[in-house]
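Accompanying notes for the structure given below.
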Amino acid sequence: MNKLRIIYNGLIAENPTFVLLLGMCPTLGTTGSAMTGMSMGLATTGVLICSNIAISAIKSLVPDRVRIPAYIVVIATFVTLLQMFMAAYLPELNASLGIFIPLIVVNCILLGRAEAYASKHTVSDSCFDGIGIGLGFTLALTLLGAVREILGVGTVFGLRLFPETFGSLVFVLAPGAFIALGFLIALINYIRNRS
Amino acid sequence: MLTYLSIIVTAIFVNNIVFAQFLGICPFLGVSKKLSSAVGMGAAVMFVMTLATCVTWLVQHGILEPWGLGYMQTIVFILVIAALVQMLEIIIKKIAPGLYQALGVFLPLITTNCAVLGVAILVIQKGMNLGESIVYAVATAIGFTLALAVFAGIREHLRLVDVPAPMRGIPIALICAGMLAMAFMGFSGITIG
Amino acid sequence: MKKLPSTLLNMVLSLGIITIVASSLLAWVNSLTAGPIEEAQQKEEIEAIKSVTPPFDNNPKSQEWKWTPDNDTIPFMVYPAMENGNLVGAAVKGYTKNGFGGEIRIMYGFSTDGSVTGYQVLSHAETPGLGAKMQEWFRMDIGNRSVIGKNPTTTSMYVAKDAGGAIDGITAATITSRAFLETLRNCFTAFEAYKTDHGFSTTPSCMAGEGTTGATTHTSSKE
Amino acid sequence: MNQLLTISASPHLHTKRTVASCMWHVVVALLPALAASLYFFGLGAAIVVLTAVAGCVAFEYIINRWMFGRPSTILNGSAVLTGLLLAFNLPSNLPIWIVLIGCLVAIGIGKMSFGGLGCNIWNPALVGRVFLLISFPVQMTSWPLPLVNRWAYADATTGATTLGILKMGGDPSSIDLWQSATGAIGGSLGEVSAIALVIGVVYLLAMRVITWHIPVAIIGSVALFTLCIGGNIGIELLSGGLLLGAFFMATDYVTSPMSRKGMLVYGIMIGIITIVIRRWGAYPEGMSFAILLMNSFVPLINRYIKPRKFGERRVKK
Amino acid sequence: MRTFHIGGVHPPENKLTESAKIINTELPREVTLTFGQHIGAPARCLVKKGDYVDRGSVIAEASGFVSANVHTPISGTVTKVDQIKMPNGMPSPSVTIAALDDDHEKDLRTISDLTPLRGDDEIEALDPKAIIDIVDKAGIVGLGGATFPTKVKLSPPPGMKADLVIINAVECEPYLTNDHALMLEEPDAILAGTRLLMKAAGVERAIIGVEANKQNAIDLLRRRIAELGINGISVTELTVKYPQGGEKQLIEAITGKKVPSGSLPIATGAIVQNVATAYAIYQAVRFGQPLIERVVTVTGPSVQRPGNYRTAIGVSVASLIQQAGGVPADTGKIILGGPMMGKAIVNIDAPTTKGVSGILLLPESMSQRPRIEPCIRCAQCAFACPMGLEPFLLATLSRFGEWEEVEKEKIMNCVECGCCSYSCPSSRPILDFIRLGKQTVGAAIRARQSQKK
Ligand SMILES: Cc1cc2nc3c(=O)[nH]c(=O)nc-3n(C[C@H](O)[C@H](O)[C@H](O)COP(=O)(O)O)c2cc1C
Ligand SMILES: Cc1cc2nc3c(=O)[nH]c(=O)nc-3n(C[C@H](O)[C@H](O)[C@H](O)COP(=O)(O)O)c2cc1C
Ligand SMILES: Cc1cc2nc3c(=O)[nH]c(=O)nc-3n(C[C@H](O)[C@H](O)[C@H](O)COP(=O)(O)O)c2cc1C
Ligand SMILES: Cc1cc2nc3c(=O)[nH]c(=O)nc-3n(C[C@H](O)[C@H](O)[C@H](O)CO)c2cc1C
Ligand code: SF4
Ligand code: SF4
Ligand code: SF4
Ligand code: SF4
Ligand code: FES
């Protein structure tokens with residue numbers, strides 16, 4: 001398949017957050033600002049690309065009945081690697097994403113892609129699938145983070161759009177996460193149904 | 001005693017796992033369409049979460065830390081949880097077929113439920129002792145079940161009203177979760193003692 | 001390529017190999033990153049201490065001293081800052097559980113006479129835009145917000161809303177402000193206790209009605 | 001002639017009560033409290049009330065007509081009521097733009113996203129109020145003093161509410177209950193005068209718009225629970241939004257249980273949660289949160305607590 | 001004062017004809033009789049075109065246990081055996097009898113087929129079996145609206161024993177006054193009929209339940225009971241509340257016992273009969289008069305001469321309305337029965353039947369249902385439901401086709417009293433949806449039962 005199509009597919013057509021509704025916990029939990037949302041998206045993308053590559057590489061060496069545990073081990077390995085690198089070189093980001101970094105392990109996007117895509121496709125296709133889906137996830141998280149940051153405190157990536165007094169704090173807190181995502185998905189539903 | 005009470009109140013109301021910590025959202029959105037399945041899922045999570053927290057705590061303090069393998073936490077925990085769920089499934093099927101009927105369908109879903117792994121990691125991060133960890137796990141699961149049950153009631157209600165088309169399904173469910181999170185914020189800052 | 005059939009041997013072998021490869025990889029990377037991680041953590045602490053105390057030439061971390069408040073078990077950490085062997089002040093790492101979102105960890109710096117030389121909020125779960133403002137609020141030179149340069153023996157380190165307080169709390173975040181100042185008072189007490197313990201002269205305390213004062217256990221790690 | 005006859009199934013009579021008359025009765029019942037708030041807070045109260053009512057009506061009209069293409073529903077008075085009750089829950093010096101955000105949230109999120117009148121689960125006015133409280137805590141917790149500077153709006157002199165004083169460790173005996181009863185105290189503009197609120201609720205009960213169950217359950221459980229934990233019943237009942245909430249907001253048909261037993265359970269739980277939040281929580285006032293929380297439980301209450309059916313045998317234990 | 005305890009409403013009473021005396025109408029020269037005037041199997045036709053039938057003779061006989069004879073109220077010739085359009089516009093088989101000469105008003109007592117006048121002693125000597133037999137022959141069905149064959153009620157299923165007869169003189173429907181008028185004019189006949197009912201059912205006690213808005217009837221009945229020295233019959237005054245006349249509600253109001261869900265009223269030991277039924281039984285036993293006439297209230301806000309008319313069963317609705325001054329110009333809806341449970345009709349040329357207690361002509365302004373609005377969950381309907389159901393839920397579930405759910409919510413307990421629709425401020429068509437649900441669920445239940453057998 002055309003590599004660009006694979007990426008388009010992950011980014012838009014099968015966007016993991018807005019269309020497939022996977023990985024809701026990090027989506028809600030790490031989008032207090034555009035920056036944290038994007039970081040989480042990129043971190044997940046990294047693991048996803050690696051695990052997709054590794055899994056499609058070893059797919060024929062793994063008997064069917066143990067494939068799930070095997071995939072989990074692969075994914076967990078890359079997550080742990082990510083954890084180590086972040087703790088060593090990006091300690092602040094590591095602290096702000098907190099528990100959601102180890103929880104990438106259980107993000108259904110990863111296992112989902114391993115099962116639905118990487119275990120059936122070539123290494124390079126799986127790599128591009130990882131990039132596409134990962135960027136789709138990153139896009140969604142960044143978008144949600146940006147919306148919450150703008151509505152909540154009036155900035156986006158720290159850039160001030162309007163004075164902080166006019167921000168609705170609720171958007172950087174738990175309820176705002178649900179509400180903002182709800183309306184975003186509704187908007188996307190609306191647009192999709194129109195076109 | 002007071003610490004236990006405080007752990008319980010905090011885990012159920014103040015820092016509800018779904019509404020404040022954003023863990024276990026997928027089953028929360030996925031298994032809350034009917035009240036009966038919501039309660040079944042809640043019970044299954046309580047079962048697994050308590051057991052998993054207990055076992056992973058022992059693994060952490062008995063194996064990983066003494067041997068300097070702290071960096072293996074994530075990989076070991078997820079494998080322990082996966083194995084545990086498998087074993088539970090087999091055991092329950094053997095000794096309590098009735099329970100299996102009720103919980104069985106939910107068990108496989110739980111392996112990838114981040115709430116279980118999340119709680120296992122959180123109790124280590126918070127430096128809780130074994131007793132506190134178990135109480136925390138049970139209370140968190142109660143909080144999860146409560147959230148699920150309330151949400152299932154709400155979604156059964158929504159089935160019978162005229163939700164505008166683009167809002168139907170997940171969007172309105174998320175708005176409801178937002179409203180619930182807002183209501184639960186009333187408990188913020190509750191301190192016992 | 002054909003898939004390996006699911007025979008027991010294949011399954012054990014396959015899983016075993018994956019696990020061994022994975023663990024070795026992890027062990028290797030761990031050995032590579034353990035240093036930088038440790039360093040990052042150390043650096044963070046030292047940076048924090050540096051940012052709150054007067055300049056020093058010792059290693060305060062190696063001279064840390066513990067002080068445990070009456071009603072709790074986890075100790076406060078006193079890091080003495082020395083210049084040429086003379087005490088010039090200290091950083092005290094303290095915490096409170098009375099924040100709006102639970103625990104707040106703060107490091108305060110004091111000069112020898114007990115005046116606040118600086119502070120760093122290390123971790124907290126306060127509300128962004130409200131309680132989270134404490135990081136800047138209490139060093140702002142507006143009204144009576146700043147605690148910098150003030151001495152708990154002469155300034156009442158309470159929120160102005162509460163009777164007798166001399167510090168302006170964060171607007172609409174009185175709970176955080178109280179927690180912040182409570183930690184400050186306790187850290188000050190820890191510092192005083194350190195001075196008593198190590199034979200440095202204490203400034204006479206006139207902090208009437210203090211909450212947690214007495215130090216029950218203190219152990220020095222340098223003994 | 002035969003062709004002209006109307007055919008419809010029985011019953012052929014219909015009560016005079018309409019949705020509009022229910023809603024307008026509640027509006028009428030709120031007039032004494034409105035008068036009191038205009039007296040105590042002057043210009044500020046007038047601006048906030050007018051903005052809130054106009055805002056809610058406008059948003060309902062816009063969303064209904066232009067987004068859903070449904071017929072306008074503003075004449076049935078429910079948007080007016082939401083606006084009025086939202087205003088009653090706001091301080092009288094709140095900037096207009098915040099009031100408007102509250103209206104948008106109350107109508108847009110709290111009511112119309114669920115499908116409009118009758119479909120929502122949470123009390124729209126309270127959704128708006130709590131949203132504002134969380135979003136703009138600074139502005140939402142500065143209370144103009146009553147009777148002072150009645151012609152000031154944005155720069156009114158502010159002070160603490162009774163519950164705020166207590167939360168800050170104030171002395172309960174310093175509180176003048178007579179002031180709480182008349183309304184000469186700080187607080188949201190509609191909640192201050194207990195007497196005016198009681199006049200309103202008596203009217204609603206007499207008109208049979210509401211039944212006694214919810215208000216009595218709330219007030220009873222607040223009184224009992226306060227007694228158990230050793231508080232001052234008078235202060236708890238007369239201060240904050242307790243009476244406003246118990247009489248006019250917890251009783252909202254749409255968001256309260258549909259059986260009398262359910263109403264009692266709902267009311268009792270609201271009372272208890274309110275006191276728990278007031279006593280142990282971070283917020284000085286818990287009524288809004290308590291009502292929203294119990295709104296969430298209403299579907300479950302409706303499902304499990306039902307009227308006893310005629311001739312249905314009671315389940316023996 | 002006694003009353004039932006769950007739900008109920010109190011619509012404006014509007015008893016326009018409260019003190020109107022019963023007006024005897026002239027016997028018509030033509031009647032049309034249908035075979036399904038009662039609940040149960042339609043009667044089997046015994047005549048054919050051209051037959052001459054005598055006043056009071058059977059023209060169709062009961063075709064089963066739950067069925068009833070139909071008699072002709074005039075003498076004449078069968079001119080048609082055909083389908084006619086019923087009031088609701090649906091066709092139904094019927095017999096039309098026309099008086100070809102002037103003997104259609106024959107005195108019943110001259111007709112040898114009917115057992116002639118019985119004396120008091122003779123009546124005293126009748127045993128229960130004989131009374132039930134007369135009731136059966138006379139084609140008497142409940143006149144309270146349900147038209148359930150009376151002999152069936154008087155023959156309780158094995159193992160059941162009645163201990164009380166309740167005379168339903170509640171008349172809680174607004175506008176209707178036919179029972180009231182009958183009580184004021186025929187108290188003695190009603191009491192005698194009640195005694196016959198007691199005897200037939202083998203019970204010692206009877207209670208006449210009357211709502212407080214008919215004080216003069218209560219006083220009159222009480223006075224006559226005392227004057228005649230009758231034992232075992234008493235009158236109970238009831239609070240005015242609809243649907244007190246409903247069998248289950250009335251039993252509860254009077255005895256405090258609730259008919260268990262899914263059981264017959266006889267489970268509480270009570271047999272309920274309408275006053276007019278008691279009167280008809282007396283007429284049959286004493287004069288041998290079968291059920292060929294009844295009192296009908298013709299009323300409405302703009303009707304010229306509203307009143308209680310004693311009329312032959314089978315005259316056309318139109319001719320009865322004519323008696324009352326004709327159809328007013330502003331009429332928008334014509335209802336057979338009361339406004340709460342009565343049926344709106346399309347065809348006023350259709351004949352009356354045994355069950356027609358009133359004809360109500362509502363002006364156009366009262367005929368249209370108010371605009372339907374969304375349910376505001378006010379629970380008024382649930383508070384009003386005398387069966388303790390949750391009408392808003394039943395209606396919504398029915399609307400969404402959740403048949404299993406509605407069955408669990410006991411939709412079949414609904415007595416279709418209409419209190420829910422009446423009290424809904426959003427004027428939702430609650431009962432319409434519930435009827436739909438009842439039909440579907442009822443069919444499903446019957447299918448299940450027949451499968452089991
Ligand atoms: C969403 C929300 C978050 C809040 N977060 C904090 C906080 O982090 N710290 C705090 O002291 N108060 C916080 N508050 C405010 C308190 O509830 C309360 O208003 C305050 O402690 C006392 O008010 P005052 O400071 O105006 O006296 C928050 C309020 C809301 C609505
Ligand atoms: C300002 C105001 C506006 C009103 N507007 C309406 C209206 O639009 N529609 C309506 O039915 N009732 C409206 N009412 C209420 C009616 O005047 C009256 O109070 C109510 O319909 C009485 O109904 P009831 O007798 O059934 O209780 C309004 C009342 C007030 C005070
Ligand atoms: C809602 C409802 C209201 C009724 N109201 C009356 C009434 O007012 N008078 C009456 O005689 N029967 C009324 N009935 C019929 C009674 O339930 C019952 O069938 C009747 O009293 C039995 O007497 P009968 O067989 O002599 O008609 C009503 C039935 C229902 C379901
Ligand atoms: C007794 C009564 C109380 C009401 N209380 C409220 C209220 O507290 N908040 C509100 O937004 N609407 C209230 N309404 C109006 C209406 O029910 C509300 O807008 C619906 O929740 C919208 O679906 C009330 C209506 C009645 C009849
Ligand atoms: S883990 Fe299961 S329930 Fe959760 S998103 Fe994935 S497929 Fe859905
Ligand atoms: S980790 Fe689990 S709960 Fe969290 S988003 Fe993924 S599936 Fe959902
Ligand atoms: S019609 Fe049925 S549901 Fe409605 S009130 Fe009467 S019994 Fe209840
Ligand atoms: S009376 Fe009407 S509006 Fe009220 S709950 Fe019943 S159906 Fe809904
Ligand atoms: S007249 Fe009362 S129920 Fe029929």
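The figures here come from the full heavy-atom set of this structure, side chains too, leaving out hydrogens, waters and symmetry mates. Chain A is the first sequence line, chain B the second, and so forth, proteins listed ahead of strands; every chain is numbered from 1.
Annotation: side chain of D:K309 is in contact with side chain of E:E409 (closest heavy-atom distance under 4.5 Å). D:L5 has its side chain within reach of E:I348: a pair of non-hydrogen atoms, C-beta onward, lies under 4.5 Å apart. Using a 4.5 Å heavy-atom cutoff, the side chains of E:Q368 and D:T6 are in contact. The shortest side-chain heavy-atom distance between E:L393 and D:K306 falls under the 4.5 Å cut-off. By the 4.5 Å heavy-atom criterion applied to side chains, E:P370 and D:T18 are not counted as neighbours.
Heavy atoms of other residues, nucleotides or ligands lying less than 6.0 angstrom from CE of E:M90 number 12 at most. Within a 6.0 Å radius of CE in E:M412, more than 12 heavy atoms belonging to other residues, nucleotides or ligands are found. Surrounding CZ of D:R70 are more than 12 heavy atoms belonging to other residues, nucleotides or ligands, all under 6.0 Å away.
The part of E:F392 that comes within reach of chain D is its side chain, from C-beta onward, which places non-hydrogen atoms under 4.5 angstrom from that chain. Residue E:C375 touches chain D through its backbone alone, counting heavy-atom pairs closer than 4.5 Å. Contact annotation for D:T211: only side-chain heavy atoms (C-beta onward) come within less than 4.5 Å of a heavy atom of chain E. Heavy atoms closer than 4.5 Å to chain D are found in the backbone of E:P386, but not in its side chain. At a 4.5 Å heavy-atom cutoff, the contact between E:I335 and chain D is made by side-chain atoms alone. With a 4.5 Å cut-off on non-hydrogen atoms, E:L362 touches chain D through its side chain but not through its backbone. Using a 4.5 Å cut-off between heavy atoms, E:P260 touches chain D through backbone and side chain atoms alike.
Of the listed residues E:G338, E:C424, E:C381, E:P429, the one with more heavy-atom pairs under 4.5 angstrom with chain D than any other is E:C424. In terms of non-hydrogen atom pairs under 4.5 Å with chain D, the most contact-rich of E:S367, E:C420, E:G332, E:S423 is E:G332. The residue among D:C119, D:G115, D:G118 with the most heavy atom pairs within less than 4.5 Å of chain E is D:G118. Listed options E:C378, E:P12, E:G418 were ranked by heavy-atom pairs under 4.5 angstrom with chain D; first place goes to E:C378. Of the listed residues (E:P339, E:A379, E:G342), the greatest number of heavy-atom pairs within a distance under 4.5 Å of chain D belongs to E:P339. The most heavy-atom pairs under 4.5 Å with chain E, out of D:V19, D:I210, D:T73, come from D:V19. Put simply, of E:S421, E:C385, E:G7, the one with the most heavy-atom pairs under 4.5 Å next to chain D is E:S421.
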Query - Working for side-chain contact (heavy atoms from CB on, under 4.5 Å), residues D:H12 and E:K333 - result: CA-CA 9 Å; D:H12 306 284; E:K333 196 190 254 184; 3.0 Å; yes
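When the ring-ring contact (aromatic ring centres under 6.0 Å, His included) test is applied to D:F131, the partners found at least two apart in sequence or on another chain are A:F171.
For D:P307 against E:L389, the heavy-atom pair with the smallest separation is CG-O, 4.4 Å. Taking every heavy atom of both residues into account, E:F383 and D:M263 meet most closely at CZ-CE, 3.7 Å. The two atoms that bring E:E252 and D:F310 nearest to each other are OE1-CE1, 3.5 Å, heavy atoms only.
Atom CG in D:L13 sits 6.0 Å away from atom OH in E:Y175 (nearest 0.5 Å). Distance check, rounded to the nearest 0.5 Å: CD of E:E390 to CG of D:N302 gives 7.0 Å. Taken from NE2 in E:H5 to CZ in D:R308, the straight-line distance is 12.0 Å, to the nearest 0.5 Å.
With no hydrogens or angles considered, a side-chain donor-acceptor pair links D:S10 and E:R435 at under 3.5 Å.
Residue-level contacts of residues 249-259 of chain D with chain E, in order of numbering, are D:Y253, D:V254, D:M258; threshold 4.5 Å between heavy atoms.
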